[in-house]
Protein chains: 2
Amino acid sequence: MKSGTKSKSVTVIDVAKKAGVSKSTVSLVLTGSDKVSDKARQKVEKAIDDIGYVYNRDAASLRSRRSNLVAIVINDLKNPYSAQLAVGLEKQIRQMGMFSMLVNSDENVETQTSLVRNLKEYNVAAFIICPAPGTSPEWTNSLVEQGFPVVHIMREVSGAKVATVLPDNFAGTKLATQHMLAKGYKRIAFIGGNESISDYHQRLSGYTEAMTLAEIPFSKKLCVQSNTNRNGGRGAMEEVLATANDIEAVVCFSDVIAYGAIEHIRASGKQPGKDIAVIGFDDLEDSRLMSPALSTIHVDANQIAIAVCQVLANIKDGTKNKILIGVDLIERDSG
Amino acid sequence: MKSGTKSKSVTVIDVAKKAGVSKSTVSLVLTGSDKVSDKARQKVEKAIDDIGYVYNRDAASLRSRRSNLVAIVINDLKNPYSAQLAVGLEKQIRQMGMFSMLVNSDENVETQTSLVRNLKEYNVAAFIICPAPGTSPEWTNSLVEQGFPVVHIMREVSGAKVATVLPDNFAGTKLATQHMLAKGYKRIAFIGGNESISDYHQRLSGYTEAMTLAEIPFSKKLCVQSNTNRNGGRGAMEEVLATANDIEAVVCFSDVIAYGAIEHIRASGKQPGKDIAVIGFDDLEDSRLMSPALSTIHVDANQIAIAVCQVLANIKDGTKNKILIGVDLIERDSG
DNA sequence: ACAATTAATTGGAACGTTCCAAACGTTTAT
DNA sequence: ATAAACGTTTGGAACGTTCCAATTAATTGT
């Protein structure tokens, strides 16, 4: 990785000479100051592309003790929703005039710790973290105490004194379940997800709330946990059908779970969307494109990204607040 | 984004005082030099975590004119294979003792240009780029001339004087097609992808090569282009069946295309894997988990990542070579 | 025991930028 | 005409590290 020992770099001083001003003036132009005359600004800008100057952010960041780097620590980039979220965040951050540094913890808390330790060395301006399972509140809090603005997304770490932006999981599954109830279904299952995931409880209770309001007795048989991948969804569906072959609808923990469920429904000779209605959670792009198109709870990744950036913009020490992002029911062919 | 004006940072000098050595010695320890006594090293290391020192990479990078940042410019993070690749690259780069900075060009060449312009300001050590459509060879070459090590992945930019690491697309579709031929099928379609994508031609010619070798006359009707998403796959399959209802097998440009194809096959009342055999390209995780599990051409993302890092490690000016990553046939239930 | 060699340590300069306080030039008020 | 006010411009110091040449300590050879 020998970088060809970049000869002699072009600096603000070279630009200044070329433009016939001082390096301070060049700096002012570079930082977008309003207290520099248009004449000077134009001369500097011309000089910059005449001699091919490139700004050195290391020097700037060192001297100013600021940076425009925002770290995004994602739990699992291979998960389609995470990827969508990362892309949304990246775009939004760039719109703020900042630059994002995206890394993947792979749901591994040690990796996450090591990544963040490294990122601190780069003097990042803020951390956006989707916490890996097992993240301790102390860890987050110490990060905050060190002076870094931190926002958690998607998952809550109870005890962590940070702002957290996440979808309204409870409202989402409640909405999904009530949608099924409104269609006249009464035997409704809830499948996928498991207790180690912080949002599982919220989504499950949205379902039970809706069922309770409809005065339908809660049946434990109809709630089956699973891994959060496609296989998990298929297995959970199989388990439900084994004990309750007469269910009319299934509310899934996520779209991916729904994909698996649909596969098993088909395999068992029934038609998803006709014999058994299915609804997911997330609204992945595939859900719209697949057939039958999946009904689901839409969680707008861009909206989350916008909220995160707003929080970041007005962060104060110890602002521990929870920002719920609204969700929407999307009715498609599957239920 | 007011970062709480981090009071007064702890520097190497503080560490030096605490450890009773000079700052130069501390620096040697930090950079992992072998010409420092064990005694000194231990004192320094102890002092470091006693006073909670954090390394300032901006200063290091400024002074040494080196950095351990590797930029990964991905064309489309929402694409599952890209995400997989990004994750593999990230892990591999970290294993080299470097740190990756992942950004997403979103298949937009202007975004790509702007991202790279910014990344240069961070003094990155190298660029790994999956070029967006429309990337000009001149652009890449000028990046190289500026002294940056550059590797292209997945897509070739003809005329660009850089190393390119990509799967053996030709061998892949040839393998897939010959697999179908070996099963006795003769009416085999090739669907998905389109000419604006550089690897389309390679994959298409793998198919035609196999067909020609088997002495089956090429039929234009059996080759249908499409967008590279699920919908595209479904549409292409529909188009094929409309003009050639008797096909026995279909070789798909990618797994995602295959997903769409399978949906249409089902919708038309046939059974994928029984009435029409289907094979994909990429081997996404879902392909293994779905039902019927998708036969496909496996392209090992980690292997690509390893090759990229090897190239990066021995890069010389103007090494324009092409590194083909071997592919494997994975036979599953779909064909 | 002493010179010659090697190993380990060190202070000052340098990297390219921003900050600061002072200087300059122009306009406005008296 | 002069003072005050304002808007621009400016040189030197500083940010925290690494590099370099020089110094000191330890080891080897005779």
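These numbers come from a predicted model, not from an experiment. The sequence lines fix the lettering, A, B, ..., with proteins before strands; numbering per chain opens at 1.
For B:Ala40, taking side-chain heavy atoms from C-beta onward, the closest of the listed nucleotides D:dT17, D:dC15, C:dT9 is C:dT9. If you check C:dA13, C:dG16, D:dT10 against the side chain of B:Lys23, the one that comes closest is C:dA13. Out of D:dC15, C:dT18, D:dT9, the shortest distance to the side chain of A:Leu28 is found at D:dT9. Taking the side chain of A:Val36 as heavy atoms from C-beta on, and the options D:dT9, C:dT18, C:dT17, the nearest nucleotide is D:dT9.
At whole-Å resolution of the value, NZ in B:Lys39 and P in C:dA8 are 11 Å apart. Atom CD1 in B:Ile51 sits about 13 Å away from atom P in D:dG16, given to the nearest Å. One atom, CD of B:Glu121, and another, P of C:dG16, lie 15 Å apart when rounded to the nearest Å. A:Tyr53 places its OH atom 10 Å from the P atom of C:dG16, with the value rounded to the nearest Å. Counting to the nearest Å, the C1' atom of C:dG16 and the CZ atom of B:Arg57 are 19 Å from each other. In this structure, B:Asn56 atom CG and D:dT18 atom C1' are separated by 12 Å, rounded to whole Å. Distance, B:Ile13 CD1 to C:dG12 P: 11 Å, rounded to whole Å. One can place CG of A:Asp58 at 10 Å from P of C:dT17, the figure rounded to the nearest angstrom.
For the pair A:Arg41 and A:Glu45, the salt-bridge criterion is not met [side-chain N within less than 4.0 Å of a carboxylate O]. Comment: A:Arg117 does not engage A:Glu110 in a salt bridge, judged by the lack of any side-chain N to carboxylate O separation of less than 4.0 angstrom. A salt bridge is defined here as a Lys NZ or Arg NE, NH1 or NH2 lying under 4.0 Å from an Asp or Glu carboxylate O, and B:Lys78 with A:Glu285 fails to meet this definition.
Contact between the side-chain N/O atoms of B:Arg66 and the OP1/OP2 oxygens of C:dC15 is not found at any separation under 4.0 Å. Phosphate proximity of C:dG16 to A:Ser9: present, with a side-chain N or O under 4.0 Å from OP1 or OP2. For the OP1/OP2 pair of C:dT10 and a distance below 4.0 Å, the side-chain nitrogens and oxygens of B:Thr25 include at least one atom meeting the criterion. The phosphate of D:dT10 has OP1 or OP2 within less than 4.0 Å of a side-chain N or O from A:Ser22.
Counting heavy-atom neighbours within 6.0 Å of A:Lys120 NZ, excluding the residue itself, gives a total above 12.
Contacts of B:Thr31 with the nucleic acid, taken as non-hydrogen atoms under 4.0 Å apart, involve only primed sugar atoms and P, OP1 or OP2. Within the nucleic acid shown, A:Ser24 comes within 4.0 Å of at least one base atom, counting heavy atoms only. Using a 4.0 Å heavy-atom distance criterion, A:Ser64 is classed as a sugar-phosphate-only contact.
Ring pair B:Phe99/A:Tyr122 is tilted by interplanar angle, where 30° to 60° counts as tilted.
Each of B:Arg63 and B:Ser37 lies near DNA chain C, and the nucleotide nearest B:Ser37 is the one positioned closer to the 5' end.
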